[in-house]
2 protein chains.
Amino acid sequence: MITTKDDLKDMLVSKGVKPTFQRLSILGAVFEKRTHPTIKSLHGELVKSVPTLSKTTLYSTLELFAHKGIVTALTIDPTKVRYDGHTTPHHHFFCDHCARIIDLDLACANSRRGEFEGHRISEVHGYFKGICKECLTKDHKKHNLSRRN
Amino acid sequence: MITTKDDLKDMLVSKGVKPTFQRLSILGAVFEKRTHPTIKSLHGELVKSVPTLSKTTLYSTLELFAHKGIVTALTIDPTKVRYDGHTTPHHHFFCDHCARIIDLDLACANSRRGEFEGHRISEVHGYFKGICKECLTKDHKKHNLSRRN
DNA sequence: ATGACTGCAAAATATTTGCATATTC
DNA sequence: GAATATGCAAATATTTTGCAGTCAT
């Protein structure tokens, strides 16, 4: 899935979001990765190309994107929000050992939009917790490194 | 569901957890409520009966309980962990407006224990986000108060 | 010029850690 | 009395806020 600068721009404009340089960079980074990045990891990576980019902008931009449905905020990892640019319905797997979030191609039978018992539903989240395949095998040292990012 | 002090004690002992005074108080409070309390709200309430109880103890005790499967840690509310003493499978609804977590009696068709695609699953989480029934009606001032607890 | 966006620094929140004291068996 | 649990204070980490400077139209 190749996403050009123009694709990103069109996506923002179509959602009524002004396509600033920072926003395009942030959107590009979230879309490009399947790693469910944190504010911290995004900042660390993006300052290379956008040296003045502040965490404040990342916070406000990602909140805006989430509100517009452009990205999804994942609160699976305690005390740290992760972002997902992949908004088609799918499940997640959180590894208690390496703290990665892995996509699972599993639709949810309960995925109801609209109303349920009088509540208005806007998002559906489903995930599993446990130990991932890689950590179950011996070489989990490498994955452990991602504990803090 | 009436839970006596002895019931709580038996539950801890059966899980191999020493039934100290603090732990019994904490367990009692989490079981009694269906409000998915936070560390802060539990502390505020429990100091009335256990004046010396520290947040450190609440953190370590609830982590221990969660590890033993006595309670479930919910990471739905961003930047704040909430605890659920109700461990039979059910879904949750998080209200973006009043920040309450409401229990939904909905089983998950995907609720697989054991293995999935090589990953070892220990917990299954399903929840919806949106605006709750109460906040959709006019009187949401009261519920707003629970924003910070 | 106006309004929206950005970013620095400081504040607010939540959680973790070190270590001394107290409790339980 | 040894091992474990508790609690205070300090340290970390994350997110939010106030405000001043910038950018685009």
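We use all heavy atoms of the structure for the numbers below, so side chains are in, but hydrogens, waters and symmetry mates are not. Chain letters run A, B, ... following the sequence lines, proteins first, then strands; residues in each count from 1.
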Do side-chain atoms of [X] reach the backbone of [Y] as a donor and acceptor pair under 3.5 angstrom?
X        : Y        : result
A/Ser41  : A/Thr38  : yes
B/Thr75  : A/Asp77  : no
A/His119 : B/Lys133 : yes
A/Arg82  : A/His36  : yes

Next on the checklist: Classify the ring geometry of A/Phe116 against B/Phe128: parallel below 30°, tilted from 30° to 60°, perpendicular beyond 60°.
Outcome noted: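 Answer is tilted, since the angle falls between 30° and 60°.
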Item to check | A/Gln22 and A/Leu53, any side-chain heavy atoms less than 4.5 Å apart | outcome: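 Yes; the side chains approach each other to less than 4.5 Å.
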Item to check | Result of checking B/Ile101, B/Val30, B/Asp103 against B/Asp84 for side chain to side chain contact (heavy atoms under 4.5 Å, CB included) | outcome: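 Going through the options one by one, the only one that passes is B/Asp103.
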Please give, in whole Å, the distance from [N] [atom2] to [X] [atom1]?
X       : N      : atom1 : atom2 : value
A/Leu62 : C/dG7  : CG    : P     : 13 Å
B/Leu58 : C/dT17 : CG    : P     : 17 Å
A/Leu53 : D/dT22 : CG    : C1'   : 15 Å
B/His67 : D/dA5  : NE2   : P     : 14 Å
B/Lys55 : D/dA11 : NZ    : C1'   : 16 Å
B/Lys9  : C/dT24 : NZ    : C1'   : 11 Å
B/Glu63 : C/dA14 : CD    : C1'   : 14 Å
B/Asp77 : D/dT14 : CG    : P     : 17 Å

Checklist entry - Any idea which of D/dT14, D/dT15, D/dT6 is nearest the A/Lys40 side chain? => result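 Per side-chain heavy atoms of A/Lys40, the pick is D/dT14.
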Checklist entry - Of the nucleotides D/dG7, C/dG7, C/dT6, which has the atom closest to the B/Thr52 side chain? => result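 Among D/dG7, C/dG7, C/dT6, the one nearest the side chain of B/Thr52 is D/dG7.
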Checklist entry - Quick one: bend of the helix from C/dA1-D/dT25 to C/dC25-D/dG1 from 5 pairs per end, to 10°? => result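 Roughly 30°, once rounded to the nearest ten degrees.
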Item to check | Short side-chain N/O contact from B/Tyr59 to OP1 or OP2 of C/dT15, under 4.0 Å | outcome: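 Indeed, a polar side-chain atom of B/Tyr59 lies that close.
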Next on the checklist: For D/dG7 and B/Thr57 - does any side-chain N or O of the residue sit under 4.0 Å from the phosphate oxygens OP1/OP2?
Outcome noted: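 Yes.
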Next on the checklist: Looking at B/Thr56 and D/dC8, is any side-chain donor or acceptor paired with a base atom of the opposite kind under 3.5 Å?
Outcome noted: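 When only heavy-atom distances are counted, B/Thr56 does reach the base of D/dC8 through a donor-acceptor pair under 3.5 Å.
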Next on the checklist: Take a 6.0 Å sphere around CZ of A/Arg120 and say whether it holds more than 12 heavy atoms from other residues, nucleotides or ligands.
Outcome noted: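 Counting neighbours around CZ of A/Arg120, 12 or fewer heavy atoms of other residues, nucleotides or ligands fall under 6.0 Å, so no.
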Checklist entry - So with a 6.0 Å cut-off around NZ of B/Lys9, is the heavy-atom count from everything else above 12? => result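 No, not enclosed.
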Checklist entry - Listed in order of residue number, which residues of residues 18-30 of chain A have a non-hydrogen atom at under 4.0 Å from DNA chain C? => result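 Going residue by residue through residues 18-30 of chain A, the ones with a heavy atom under 4.0 Å of DNA chain C turn out to be A/Lys18, A/Thr20, A/Gln22, A/Arg23.
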